[in-house]
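Letters A, B, ... mirror the listed sequences (proteins, then strands); counts begin at 1.
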Protein chains: 2
Amino acid sequence: MKPDALRGHLDALLLATLDGRQLHGYAIIEELQQGSGGALDLPTGTVYPALRRLERAGHVTSDWSTVGGRKRRTYKLTQAGQRALLAERSAWREFTTVIDGVLGGGGKWAQT
Amino acid sequence: MKPDALRGHLDALLLATLDGRQLHGYAIIEELQQGSGGALDLPTGTVYPALRRLERAGHVTSDWSTVGGRKRRTYKLTQAGQRALLAERSAWREFTTVIDGVLGGGGKWAQT
DNA sequence: GTTCATAAGTAGCTGACCTACATATAGCGT
DNA sequence: ACGCTATATGTAGGTCAGCTACTTATGAAC
């Protein structure tokens, strides 16, 4: 998959990954990798700043913990984040519906 | 719909709109607007440069014509453009499958 | 004669995402 | 002791697609 097709949809992926659980950045990356069958291999330089953005936006909060001597910053959704996730999901549905319409039936075939 | 969710998918829309017919830029914009039920309202500053990009890439060719005293640059797909459209369609399908997986079933529910 | 619809275009900005790098600990092998 | 790999977090800087705003031009309507 071309790397920046994600543009504008990364937040949705992160919020969805954090839905109902607490994860740290590194774990989120692995989770997305596995959950997509290897199709999503997000670099840390993409994910960490994105999580900070989400935190600044109030959609997630973070806490530090130490596991096996290593520091982790674990994130979880806020209530605003939950709401944002719902919004992202419906925006995604609308988006795919529109594009599907053009790509599949918006052209010359359209037989209404 | 948030304006730049399109990033990376505009080419697919333009190629699909031109599939099997010749259109000029202004008509493409209107076509996309109608074909999407008003959801897609692309500014000319987005579409014209994109068409030029596609022409540089060899995916479309353009010819000038004059209708009612107004000059139009009409575009049509090249064979490479046809191939590109097929590629864009399958990339789109893959993309939505991956994101749908994460957004819908990639999280805690995944009950495989 | 000015306003609207049609038609095409450029200039400049923004910012999300990428690439590449820096930092640090634990554990393993040698 | 030393280096390498996996784990874990982060920053600096660049790219470039798409956006905003503007310019140019014709024909029709008023």
K.L.:
Atom CG of A/Asp11 to atom C1' of C/dG15: distance rounded to whole Å?
P.N.:
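Rounded to whole Å, this separation is 12 Å.
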K.L.:
What's the separation between atom OG1 in B/Thr74 and atom CZ in B/Arg21, rounded to the nearest 0.5 Å?
P.N.:
13.5 Å
K.L.:
What is the distance, to the nearest angstrom, from the CD1 atom on A/Ile28 to the P atom on D/dA8?
P.N.:
12 Å
K.L.:
For A/Ile29 and C/dC17, what is the distance between atoms CD1 and P respectively, to the nearest whole Å?
P.N.:
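One finds 14 Å between P of C/dC17 and CD1 of A/Ile29, rounded.
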K.L.:
Between B/Thr66 (side chain only) and B/Arg70 (backbone N and O only), is there a donor and an acceptor less than 3.5 Å apart?
P.N.:
no
K.L.:
Find the distance A/Leu54:CG to C/dA16:C1' and express it as a whole number of Å.
P.N.:
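Atom CG in A/Leu54 sits about 12 Å away from atom C1' in C/dA16.
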K.L.:
Nearest whole Å is fine: how far is D/dA8 C1' from A/Glu31 CD?
P.N.:
16 Å
K.L.:
Does a side-chain N-to-carboxylate-O contact under 4.0 Å join B/Asp19 and B/Arg89?
P.N.:
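Here B/Asp19 pairs with B/Arg89 in a salt bridge, since their nearest N and O are under 4.0 Å apart.
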K.L.:
With respect to the phosphate group of D/dG18, does any side-chain polar atom (N or O) of B/Arg53 fall under 4.0 Å of OP1 or OP2?
P.N.:
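True: B/Arg53 side-chain N/O within range (under 4.0 Å) of D/dG18 OP1/OP2.
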K.L.:
Can you pull out every ring-ring contact (aromatic ring centres under 6.0 Å, His included) where at least one residue sits in residues 10-50 of chain A? Sequence neighbours excluded, please.
P.N.:
none
K.L.:
For every nucleotide of nucleotides 6-12 of chain C, 5' to 3': is a protein heavy atom under 4.0 Å from its base (B), only from its sugar-phosphate (S), or from neither (-)?
P.N.:
BBBBB--
K.L.:
Rounding to a whole Å, what distance do you find between B/Asp41:CG and D/dG18:C1'?
P.N.:
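Between C1' of D/dG18 and CG of B/Asp41: 14 Å.
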K.L.:
Taking the six-membered ring for Trp, is the centroid-to-centroid distance between A/Phe95 and B/Trp92 below 6.0 Å?
P.N.:
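So the answer is yes for these two rings.
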K.L.:
Of the candidate nucleotides D/dG18, C/dC17, C/dC18, which contains the atom at the shortest distance from the side chain of A/Pro43?
P.N.:
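Nearest to the side-chain atoms of A/Pro43, counting from C-beta on, is C/dC18.
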K.L.:
Please determine whether salt bridge (Lys or Arg N to Asp or Glu O under 4.0 Å) holds for the pair B/Arg83 and B/Glu88, giving the CA-CA distance in whole Å, both sets of side-chain angles, and the decisive distance to 0.1 Å.
P.N.:
CA-CA 9 Å; B/Arg83 265 179 273 124; B/Glu88 291 280 6; over 6 Å; no
